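Contents: one structure, followed by commentary.
Quick note: numbers below take in every heavy atom, side chains included, and nothing from hydrogens, waters or symmetry partners. Keep in mind the model is a prediction, meaning the values are calculated, not measured. Throughout, a chain's letter reflects where its sequence line sits, starting with A, and its residues are numbered from 1.
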There are 2 protein chains.
Amino acid sequence: MLREKLNEFYSVVFEKELIDEIIEVGKYKIIKENELLLDIGNNFQLIPLMLTGAIKISRETKKGDEIVLYFLERGDTCTISFANCLKNSKSKVRGVAEKESEVIFVPVSKLEEWMVKYKSWRGFVIESYNIRLNEMLDAIDTLAFMKMDERILKYLSDKVKIMRNPTLNTTHQEIAIDLNTSRVVISRLLKQLENEGKIKLFRNKIEVIDF
Amino acid sequence: MLREKLNEFYSVVFEKELIDEIIEVGKYKIIKENELLLDIGNNFQLIPLMLTGAIKISRETKKGDEIVLYFLERGDTCTISFANCLKNSKSKVRGVAEKESEVIFVPVSKLEEWMVKYKSWRGFVIESYNIRLNEMLDAIDTLAFMKMDERILKYLSDKVKIMRNPTLNTTHQEIAIDLNTSRVVISRLLKQLENEGKIKLFRNKIEVIDF
DNA sequence: TTAATTATATAACAATTGTTACACTAATAT
DNA sequence: ATATTAGTGTAACAATTGTTATATAATTAA
């Protein structure tokens, strides 16, 4: 069963021997909605490989300022946690399940070992880093070049895609936290977006049109 | 001579055999001040290893909006160009020499080959990615949580460190471009920072106090 | 030497975002 | 059933950032 899930979701197809090893040493776990995958300051010694679901990765400063970086979905891994694992340092990001997610955890010792043995693993590690760097570039573009109304719309669209559902169960307050602004600002601009016909607002619910 | 420079500057000490290979296939080049190392859209097939100098890495959108991401210095490589090299895709960032810089260019084919052969190269690649991800996180923090006056001061401090000189030769216009704002805003806030005793302003020159 | 260009300073105003306050409704708890 | 809490709407105002315009000094070109 685990084998099927691995074969199904990992686009860079691993060699059969590598799949065997992953199944042998990996720990399968279900992360419930709103459960923490990893928190800031954690000392994480396992590399997560996502099978299903969605994880929200965010950044928080000591002062409590917070901002969402990107979402992880099936086939993704959290390259940022490579660093923590390898250097035994503390996580600089937080990961919370947006919905129930299936994850395989692999001991960090395998990262290096498999790099020598498996070409597909080398490809996976490099590709994962590249995807993550591009996500970060995307986050930087958003912060540097977009106004708040555009940022909100992008946030909603991204979330609709990752949740595979045009109707989001969320509150204005949650969006405000994720975009590091205030609830009033979000309410104001959401209403404006509704007037422009881009979304529909309900209590605890937002429907995104033409995402 | 190349051997000495390599040994001197690369903190992750490469095995002797790897140094030999780098010297054999690498191309040594001097990049003059303001010269382009790589531009957006370029099809780059060489991995740059920095020996001396400083490269400013920035991002530009189609609309012409621009922003500085970070600076490269000795011991650094441009992991973002790994992606372009490997996937033969176009560069998403620009690199311009802030001062004359010495670089060794290595063919991308070696990236994979050396990962199998040399433990120190695997370490270097992973470490480079991690450094870059942290730089990106830093850039995100700056954009998401800092006001423009703080961003200016951080920009100046970073540049002072990379240039190893408390007096910067730069104009308000250049800073405005690097921070994606207008010259008037920069002049206004620089004057404020001068009044606070944090910098001293001259024509084409800014001295940073207590960086 | 004079004219043109470049760099800087600053005022006045516009647009965007942030803050405080309060009203109203829906959901939940007692 | 009533009280409490949570979510939303909106006005009024403050702070920050962006824009336009104009002045002046330093540098460079003719």
Side-chain angles (χ1 to χ4, degrees), chain A residues 33-34 61 63-68 139-156 159 167-208, chain B residues 33-34 61 63-68 139-156 159 167-208:
Chain A
E33 189 173 335
N34 294 323
T61 61
K63 279 191 278 178
D65 294 320
E66 195 175 336
I67 195 157
V68 164
I140 286 170
D141 285 352
T142 306
L143 286 166
F145 306 132
M146 285 178 152
K147 297 245 170 80
M148 191 52 83
D149 57 343
E150 299 174 279
R151 286 180 56 199
I152 294 174
L153 203 52
K154 178 177 192 305
Y155 169 88
L156 294 174
K159 205 154 170 175
T167 304
L168 302 170
N169 293 303
T170 183
T171 66
H172 299 187
Q173 181 61 54
E174 193 197 343
I175 300 173
I177 291 172
D178 285 354
L179 300 185
N180 187 46
T181 180
S182 76
R183 200 273 310 165
V184 180
V185 170
I186 296 294
S187 292
R188 185 162 58 204
L189 292 173
L190 279 177
K191 183 53 72 179
Q192 184 187 300
L193 289 170
E194 186 179 44
N195 291 337
E196 292 168 3
K198 293 173 180 163
I199 57 175
K200 279 185 190 163
L201 298 175
F202 307 90
R203 188 187 172 90
N204 291 314
K205 217 166 71 175
I206 298 176
E207 191 188 329
V208 182
Chain B
E33 188 174 335
N34 293 324
T61 62
K63 278 190 279 178
D65 295 320
E66 194 173 337
I67 195 158
V68 165
I140 287 171
D141 285 353
T142 306
L143 287 166
F145 307 132
M146 285 179 152
K147 297 244 169 81
M148 190 53 83
D149 57 342
E150 299 175 279
R151 286 179 55 198
I152 293 174
L153 202 53
K154 179 177 192 306
Y155 169 88
L156 294 174
K159 204 155 171 175
T167 304
L168 301 171
N169 293 302
T170 183
T171 66
H172 299 187
Q173 181 62 54
E174 194 197 341
I175 300 173
I177 291 171
D178 285 354
L179 300 185
N180 187 46
T181 179
S182 77
R183 202 273 311 162
V184 180
V185 170
I186 295 293
S187 292
R188 184 162 59 204
L189 293 172
L190 280 176
K191 183 52 74 180
Q192 184 187 300
L193 289 170
E194 187 179 44
N195 291 337
E196 293 168 2
K198 293 173 180 163
I199 57 174
K200 279 185 189 163
L201 298 175
F202 307 90
R203 189 187 170 90
N204 291 315
K205 216 167 70 176
I206 298 175
E207 191 189 330
V208 182

Closest heavy-atom pair and its distance - A/S187, A/H172: OG-ND1, 2.8 Å

Whole-Å gap separating C1' (C/dT6) and NZ (B/K205): 17 Å

Among B/L179, B/V184, B/N180, the one residue meeting side chain to side chain contact (heavy atoms under 4.5 Å, CB included) with B/S182: B/V184

Smallest separation among heavy atoms of B/I67 and A/A144, with atom names: CD1-CB, 3.5 Å

Per-nucleotide protein contact string for nucleotides 16-22 of chain C (B base, S sugar-phosphate only, - none; heavy atom under 4.0 Å): SBBBBB-

N/O donor-acceptor pair, side chain B/R203 with base D/dT27, under 3.5 angstrom: no

Sub-4.5 Å side-chain heavy-atom contact between B/R188 and B/Q192: no

Interatomic distance, B/N169 CG vs C/dA7 C1' [rounded to whole Å]: 14 Å

Difference in axis direction between the ends of the helix from C/dT1-D/dA30 to C/dT30-D/dA1, five pairs, 10°: 30°

Side-chain heavy-atom pair B/D178, B/T170 within 4.5 angstrom cut-off: no

Taking every non-hydrogen atom, the tightest pair across A/L193 and A/D149: CD1-O, 4.1 Å

Integer-rounded Å distance: C/dA26 P and A/Q173 CD: 21 Å

B/K191 with B/E194: basic N within carboxylate O range, under 4.0 Å: yes

Residues from residues 190-202 of chain A lying under 4.0 Å of DNA chain D - heavy atoms: A/K191, A/F202

Euclidean distance, atom CG of residue B/N204 to atom P of D/dT27 [Å, nearest integer]: 8 Å

Over 12 non-hydrogen atoms of neighbours within 6.0 angstrom of NZ in A/K154: yes

